[in-house]
Amino acid sequence: MEPIYLDNNATTRMDPEVLAAMLPYFIERFGNASSAHAFGAEVSTALKLARGQLQALLGAAFDHEIIYTSGGTESDNTAILSALETQDGRDEIVTSTVEHAAVLSLLGYLEKTRGIKVHYIGVDKQGRLDIEAYCRALGPRTALATIMWANNETGTIFPVETLAEQAHGAGALFHTDAVQAVGKIPIDLKASCIDMLSLSGHKLHGPKGIGALYLRKGIKFKPLIKGGHQERGRRGGTENAPAIIGLGQAAEQAAANLGCEQTQVRGLRDRLEQGIVQSIGHCLVNGDAGARLPNTSNIAFEFVDGEAILLHLSRAGIAAASGAACTSGSMEPSHVLRAMGVPYAALHGALRFSLSRETSEQEVQHVLDVLPGIVVKLREQSPLWRDKYPASDAEVCNYV
Ligand SMILES: *Cc1c(COP(=O)(O)O)cnc(C)c1O
């Protein structure tokens with residue numbers, strides 16, 4: 001059997017049509033879009049088209065609201081640093097405890113080196129933001145509120161459209177890291193008041209090393225990368241034409257497949273999740289069941305090490321992710337699951353399955369065939385498990 005890839009929140013396979021769209025722009029059409037001759041013009045025309053494709057996926061009112069960057073991380077950094085430079089007299093940021101490292105590590109650095117005050121808003125057991133605490137943290141000194149659209153580990157979706165209105169109520173800008181949301185759920189920026197949004201090509205079957213920052217028309221901005229007049233002077237450096245064109249193609253396909261995410265992908269995800277919960281006891285599903293990405297399932301297995309399950313899955317040709325992050329050589333439970341207060345016994349046993357439109361029914365069935373055996377075996381080897389459940393192999397007790 002072919003290896004099974006269920007780690008699409010880490011990165012996705014590039015769509016072959018995306019590659020086909022990119023290829024001519026490496027050799028045949030290699031021009032610099034800024035050049036005033038035919039070599040430049042054909043690239044410049046293609047870039048314009050690609051910008052329109054991404055604009056359509058985002059529902060942005062103007063194509064020049066898109067600034068291309070090197071990826072989600074650069075977009076997040078640009079948005080945060082720009083807000084601090086343009087919002088006079090405001091030096092505070094409101095964010096959540098469950099953001100991606102692309103946001104959290106910059107904010108930690110700004111706290112240390114620039115004395116910026118950051119308010120970290122917590123989440124409940126289901127991963128939902130404490131909206132009251134969020135509103136209380138917003139004030140006359142808030143430069144920016146930055147809250148992710150959807151969490152990469154649990155798939156929990158945050159009500160960013162409302163959060164943006166609340167930020168505006170305090171006179172602050174609102175940014176969202178939508179790297180996991182774009183291409184998976186409908187987005188219509190012209191109908192919202194979100195000021196800035198980050199996205200990344202490789203999370204939606206596009207190329208790596210390309211992303212974009214949406215910047216609403218009229219919002220003050222300071223570039224992170226100063227250079228030439230590319231991107232209307234908002235991000236210097238010769239355009240990465242093949243990647244931008246690939247991202248455009250990926251965006252067009254994502255738009256055409258949005259329905260499939262809600263039906264096919266969601267259906268397979270639910271089948272996988274329900275199958276696991278029904279056949280393996282003592283596990284819990286992490287995330288907001290009512291507002292979750294259609295492709296993501298995060299399940300914590302009590303009294304087993306997630307890393308050990310991953311290893312056995314990997315030997316069976318199945319690629320998933322654990323909730324852990326490797327920090328200086330040792331495995332630390334994820335900051336997201338800790339923020340959610342996942343019980344200790346389950347904290348180290350979390351797995352993330354992230355599907356895509358390429359995931360098949362057979363693949364899901366194969367995981368359901370092999371995973372229960374792996375968990376039962378690992379639990380039999382666990383002294384903690386044997387102490388707690390002396391003769392409970394067949395018992396099924398879920399607290400989902
Ligand atoms: C992957 C990811 C990023 C980083 O994007 P890159 O393009 O890899 O820099 C940022 N935020 C979230 C939520 C992500 O999942």
Side-chain angles (χ1 to χ4, degrees), residues 5-14 18 54 57-58 66-81 95-109 123 127 129 144-158 160 163 175-185 187 194 196-214 224-225 235 237 240 243-244 246-247 250-251 254 261 286-288 291-298 319-326 334-337 339-340 352-356:
Y5 186 74
L6 296 178
D7 199 10
N8 286 280
N9 286 8
T11 196
T12 55
R13 187 180 80 122
M14 208 167 75
V18 171
L54 187 54
L57 179 66
L58 299 177
I66 291 164
I67 302 168
Y68 289 108
T69 66
S70 66
T73 304
E74 186 189 320
S75 298
D76 287 343
N77 275 252
T78 305
I80 292 165
L81 293 169
T95 190
S96 81
T97 50
V98 298
E99 298 298 309
H100 190 272
V103 167
L104 289 180
S105 70
L106 173 63
L107 294 181
Y109 173 82
V123 297
L129 193 75
L144 177 77
T146 174
I147 305 284
M148 64 201 330
W149 199 314
N151 185 267
N152 45 303
E153 291 189 33
T154 63
T156 299
I157 295 171
F158 295 103
V160 285
L163 299 175
H175 163 256
T176 183
D177 175 340
V179 170
Q180 292 294 343
V182 174
K184 294 181 185 136
I185 55 174
I187 286 177
I194 291 165
M196 295 184 278
L197 171 147
S198 301
L199 65 94
S200 171
H202 74 100
K203 303 285 174 87
L204 57 137
H205 304 281
K208 293 174 179 62
I210 188 74
L213 176 66
Y214 162 86
L224 175 65
I225 310 288
R235 205 275 191 179
N240 184 350
I244 291 171
L247 176 54
E261 292 286 330
N286 297 311
D288 183 358
R292 201 151 54 114
L293 291 176
N295 80 315
T296 307
S297 181
N298 188 306
S322 77
C326 192
S334 110
H335 70 286
V336 175
L337 301 183
M340 290 166 64
R352 178 187 72 189
F353 299 97
S354 45
L355 287 64
S356 83

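Ligands are counted one by one from 1 in listed order, and the atoms in each one are counted from 1 as well. Only this structure's heavy atoms are used, side chains among them; waters, hydrogens and symmetry mates stay out.
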Sorted by chain and number, sequence neighbours left out, side chain to side chain contact (heavy atoms under 4.5 Å, CB included) with A250 holds for V18, L204
In the protein, which heavy atom is nearest to [atom], and how far is it?
atom: atom 1 (C) of ligand 1; value: K203 NZ, 1.4 Å
atom: atom 12 (C) of ligand 1; value: H100 CD2, 3.3 Å
atom: atom 11 (N) of ligand 1; value: D177 OD2, 2.6 Å
atom: atom 9 (O) of ligand 1; value: T73 OG1, 2.6 Å
atom: atom 7 (O) of ligand 1; value: S200 OG, 2.6 Å
atom: atom 6 (P) of ligand 1; value: G72 N, 3.5 Å

Got [X] and [Y] here, is their nearest side-chain heavy-atom distance under 4.5 Å?
X: L293; Y: I185; value: yes
X: L337; Y: T154; value: yes
X: D76; Y: H175; value: yes
X: F158; Y: T176; value: no
X: Q180; Y: H100; value: no

Listed partners of N295 passing side-chain hydrogen bond (donor to acceptor under 3.5 Å, both in side chains), at least two apart: N9
Show which atoms of ligand 1 fall inside a sub-4.0 Å distance from at least one heavy-atom site of G71. 7 (O)
Per-atom contacts, ligand 1 versus N152 - under 4.0 Å to a heavy atom: 13 (C), 15 (O)
Test side chain to side chain donor-acceptor pair (under 3.5 Å) applied to N286 and N151, N298, T156, the passing residue: N298
Purely on distance, is any nitrogen or oxygen of H202 under 3.5 Å from one on ligand 1? yes
Below 4.0 Å from any atom of ligand 1, is there a heavy atom belonging to K208? no
Checking heavy atoms under 4.0 Å, the part of E74 that sits near ligand 1 is neither
Backbone, side chain, both or neither: what part of V179 comes under 4.0 angstrom of ligand 1, heavy atoms only? side chain
